[in-house]
Participant: 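Here's a structure for you.
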Amino acid sequence: MKSDSESIINELADKEYEAGFVTLIETEVFPKGLGEDVVRALSAKKEEPAYMTEWRLKAYRHWVKQVEPKWAHLSYTEPQFQEISYYAAPKNAPKFNSLDEVDPELIKTFEKLGIPMQEQKILAGVAVDVVFDSVSVHTTFKDMLKEHGIIFCSISEAIREHPELIQEYLGSVVPFTDNFYASLNSAVFTDGSFVYIPKGVRCPVELSTYFRINEAKTGQFERTLIIADEGSYVSYLEGCTAPMRDENQLHAAVVEIVAMKNAEVKYSTVQNWYPGDKDGNGGVYNFVTKRGICRGDNSKISWTQVETGSAITWKYPSTILKGNNSVGEFYSVAVTKNYQQADTGTKMIHLGKNTRSTIVSKGISMGNSNNSYRGLVKIGKGATSARNFSQCDSLLIGSKCGAHTFPYIEVENQTATVEHAPKMP
Amino acid sequence: MNTVQTQSNNLTLSKLIELFEIDNHEYVLPEASRMASLQFLAAGAFPTTRVEKWKHTSLKPLVENQYSLPTNLSKNYSDIKSVDFGTGLVHKLVFINGIYQKQLSNIVIGEQLIVDELSAKSAPQNWENQSTSDSVFIHLNIAFANDGIYVEAPANAALKYPVYIIQMIDNEELNPVIHLRNKIVAKKGSSIKIIHQVHSTGNMPALCNIYTEISTEPNAHLEYNVVQFDLQNVSLVSNLNLQQSRDSKLETNTISLSGKLIRNEVVANLNQANAEVQLRGIYMPRNNEHTDNTLQIKHNAPNCQSNQLYKGIIDNVASSTFLGQIYVDREGQKTNAYQSNKNILLTDTCRSYSKPQLEIYADDVKCTHGSTSGQMDKDMLFYLQTRGIGFENARRLMLIAFLSDILQAITIEPLAQWVVNEIHNRLDS
């Protein structure tokens with residue numbers, strides 16, 4: 001038994017990054033640097049309406065005024081924001097009508113990664129939106145989803161085709177003033193996925209987006225917006241990889257979820273960005289803001305994340321429990337090895353009555369890595385009879401790694417029950 | 001991020017420093033340390049809630065007041081509120097507004113105990129080096145502490161009678177600012193029990209900044225009890241620094257009954273193998289009071305044990321903060337560390353903030369932390385009522401029971417009795 005488990009641990013610790021190849025594909029890349037002109041050019045490139053350009057510029061102006069946050073239990077050199085190119089896209093990409101038009105190199109890439117793009121192969125059913133560098137290259141199953149009234153497309157398309165939804169919801173959960181990286185993302189996000197599930201519709205397939213950074217010296221800034229209207233249900237899966245490079249690539253995404261009355265959203269992430277090599281060179285800086293709001297009564301948002309990649313992870317998928325009886329869940333497994341550093345967790349903000357939240361977080365650290373859980377449970381004044389249960393366990397393998405927990409518990413209503421009961425074996 | 005409160009009538013750090021500069025005090029610490037701290041203070045400011053360690057503890061009650069230097073009052077202080085030891089003996093050390101009162105103090109003859117007033121001449125200078133501290137209060141204390149007490153239990157002495165340090169703040173007619181410094185040492189194989197009482201007699205605003213250093217040498221056993229009460233208009237900041245050698249045991253019981261603003265900051269250093277520290281606390285803020293317990297336990301050596309147990313009952317519009325950190329160094333293998341913080345909220349308007357934090361760099365350790373916040377169990381209350389116990393009695397019974405494991409840990413009988421009575425009085429009012 002012992003040798004078995006040892007060999008599994010060793011295998012895991014020694015395993016090299018499997019998705020680290022580079023695809024040789026013609027790409028269009030903006031010159032390095034960021035300024036109002038870049039934001040305008042980017043918005044123009046994406047053929048966005050004026051309201052969007054304005055919104056981006058406001059975000060940019062706010063970003064300039066901020067300083068990079070330093071409170072996380074992480075040590076890294078601040079990204080050189082003027083050394084990054086803010087737009088990279090496959091050159092002969094923009095609009096596809098069918099899969100035949102997609103560059104075969106690209107299809108090969110996704111086959112290597114095991115992403116089902118061939119619709120005929122996946123009758124069992126996952127609808128996939130694929131974001132390569134900064135642009136959504138293909139969304140499968142579109143027509144079938146259309147029949148149910150479901151909108152599943154790239155966010156660029158939604159900005160053009162569904163401005164009423166975008167104007168109402170974009171930035172409604174994570175405003176562009178939220179934090180340094182959310183402001184940056186709002187100014188320069190290039191693509192991402194958009195999901196709208198109409199009233200009473202149960203999405204018949206799992207929706208999935210696959211993100212890949214390919215180009216060197218680029219940052220990826222995608223934006224995801226999911227709206228689940230009254231009584232609807234959707235399960236959404238996100239995955240990510242990047243080639244192995246010696247430099248640190250920046251990934252700063254924003255995900256927003258809105259769940260209306262009786263709606264349920266399940267959001268799962270498999271985060272496998274390039275973690276850097278054995279000596280801690282290179283790897284993706286993953287600075288992500290993910291937040292959902294249970295706007296209506298009896299709504300539910302459930303986050304599940306498996307974090308294995310990235311050199312630096314800074315990520316706290318959160319839920320605002322505004323509707324009465326709404327439910328928030330967070331399940332996380334974070335594995336760090338070599339010189340990886342993760343500071344991840346969740347926030348559960350209870351505002352409505354009888355709101356309930358559950359947090360289960362498991363962290364495993366190996367090698368010279370550091371793995372931190374950081375979480376906030378806040379019970380607002382009006383959150384009568386709110387309940388929270390949190391549990392976070394950590395496992396350390398080897399004597400050079402670190403495991404940490406930073407739980408914040410803020411209770412402002414006497415009828416609340418908050419329990420935090422973690423342990424370290 | 002350290003921004004100074006800017007309202008014109010607010011106390012700024014520089015005003016507080018000026019207060020002392022004009023005065024001809026004799027200070028406890030050597031000039032070199034004082035100068036370094038003054039330099040730090042010249043560039044510093046009181047932390048705002050934007051500073052992580054002060055996120056939920058606002059210093060507003062402290063900075064919105066003016067203070068003056070305590071002057072010697074020619075009053076008769078024979079009737080000081082204190083624990084009644086009856087016919088039992090106790091070593092009594094009395095301070096009024098930070099000045100040692102020899103005539104009110106009393107050392108039991110025949111006990112092996114070394115007590116010395118701290119002053120530049122007599123004080124032992126082997127203070128833990130705090131020059132790198134980022135705390136304004138620690139630097140204020142280094143710069144301006146002008147009195148305090150040195151208590152030592154000599155090697156292998158088992159002291160029979162507790163040492164009772166009474167620190168009274170007379171704020172009836174003036175608004176004193178007090179910087180006091182104490183040092184307590186338990187030499188090899190000794191055992192000693194301490195009570196440290198802080199209370200005030202008036203209603204004028206006061207600022208009290210205490211720094212206490214306790215060290216336990218190999219095999220020593222020290223119990224340190226803190227009682228803080230009647231501090232309705234006092235801002236009390238207490239920094240407690242613990243240094244432990246191998247096989248020593250240190251226990252602290254911090255009972256904060258009332259205080260406008262109380263911040264108890266503890267740094268416990270387990271420096272050698274097999275040391276054990278037990279930190280317990282009760283806090284009961286009410287009205288618009290705020291009590292803050294900030295602890296850091298540093299497991300710097302293998303096989304050490306630490307245990308934190310803090311319980312709060314929060315009433316009216318009061319609030320509490322618990323920031324507990326367990327830090328396990330790479331050297332801290334086989335560490336056993338526990339932490340528990342429980343809060344009962346009595347009203348809709350009170351608040352409780354808790355952050356039980358772990359930072360672990362060794363892989364063969366056992367660390368658990370837990371935190372609960374909520375109201376009293378209604379089923380239990382109902383059950384007691386069905387047994388013929390009235391609501392008020394049932395409620396009091398349950399609250400006392402909630403605190404009982406900490407109350408039972410106080411081994412000085414008259415003190416334990418006094419604390420229970422005080423809590424009863426509080427719950428009745």
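Here is how names work: the chains are called A, B, and so on, in the same order as the sequence lines, proteins then strands, and each is numbered from 1.
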Participant: Of the listed residues (Phe322(B), Tyr327(B), Tyr361(B)), which shares the most heavy-atom pairs with chain A below a 4.5 Å separation?
Facilitator: Tyr361(B)
Participant: Report the relative orientation of the aromatic rings in Phe406(A) and His404(A); use parallel for angles under 30°, tilted for 30 to 60°, perpendicular for over 60°.
Facilitator: tilted
Participant: Chain A heavy atoms under 4.5 Å from Lys55(B): which part of the residue, side chain, backbone, both or neither?
Facilitator: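 Only the side chain of Lys55(B) comes within 4.5 Å of chain A.
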Participant: Does any heavy atom of chain A fall under 4.5 Å from the side chain of Ser352(B), the backbone, both, or neither of them?
Facilitator: both
Participant: For a side-chain contact (heavy atoms from CB on, under 4.5 Å) with Tyr373(A), tell me which candidate from Thr344(A), Asp393(A), Thr346(A) qualifies.
Facilitator: Thr346(A)
Participant: Which bit of Glu52(B) is near chain A, if near means a heavy-atom gap under 4.5 Å: side chain, backbone, both or neither?
Facilitator: side chain
Participant: Please determine, among Thr347(B), Asp364(B), Asn343(B), Thr349(B), the option with the most heavy-atom pairs under 4.5 Å with chain A.
Facilitator: Thr347(B)
Participant: Is a donor from one side chain sitting under 3.5 angstrom from an acceptor on the other, for Asn341(B) and Ser354(B)?
Facilitator: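 There is such a pair (donor and acceptor under 3.5 Å, judged by atom type) between the side chains of Asn341(B) and Ser354(B).
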Participant: Picking from His56(B), Lys355(B), Gln357(B), what satisfies side-chain hydrogen bond (donor to acceptor under 3.5 Å, both in side chains) with Tyr408(A)?
Facilitator: Lys355(B)
Participant: Using only atom types and a distance under 3.5 Å, with no angle test, would you say the side chain of Thr355(A) pairs donor to acceptor with the backbone of Asn325(A)?
Facilitator: no
Participant: Taking every heavy-atom pair that is under 4.5 Å apart, which of Asn388(A), Val377(A), Ile409(A) has the most such pairs with chain B?
Facilitator: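 Ranked by heavy-atom pairs under 4.5 Å with chain B, first place is Ile409(A).
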Participant: Less than 4.0 Å between a side-chain N and a carboxylate O, is that true for Arg291(A) and Asp178(A)?
Facilitator: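 The answer is yes: the pair qualifies as a salt bridge.
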Participant: Identify which part of Leu323(B) has an atom lying under 4.5 Å from any heavy atom of chain A, answering side chain, backbone, both or neither.
Facilitator: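 Interface part for Leu323(B): neither.
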Participant: Counting only heavy atoms closer than 4.5 Å, note whether Gln325(B) contacts chain A via side chain, backbone, both or neither.
Facilitator: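 Neither part, no heavy atoms under 4.5 Å.
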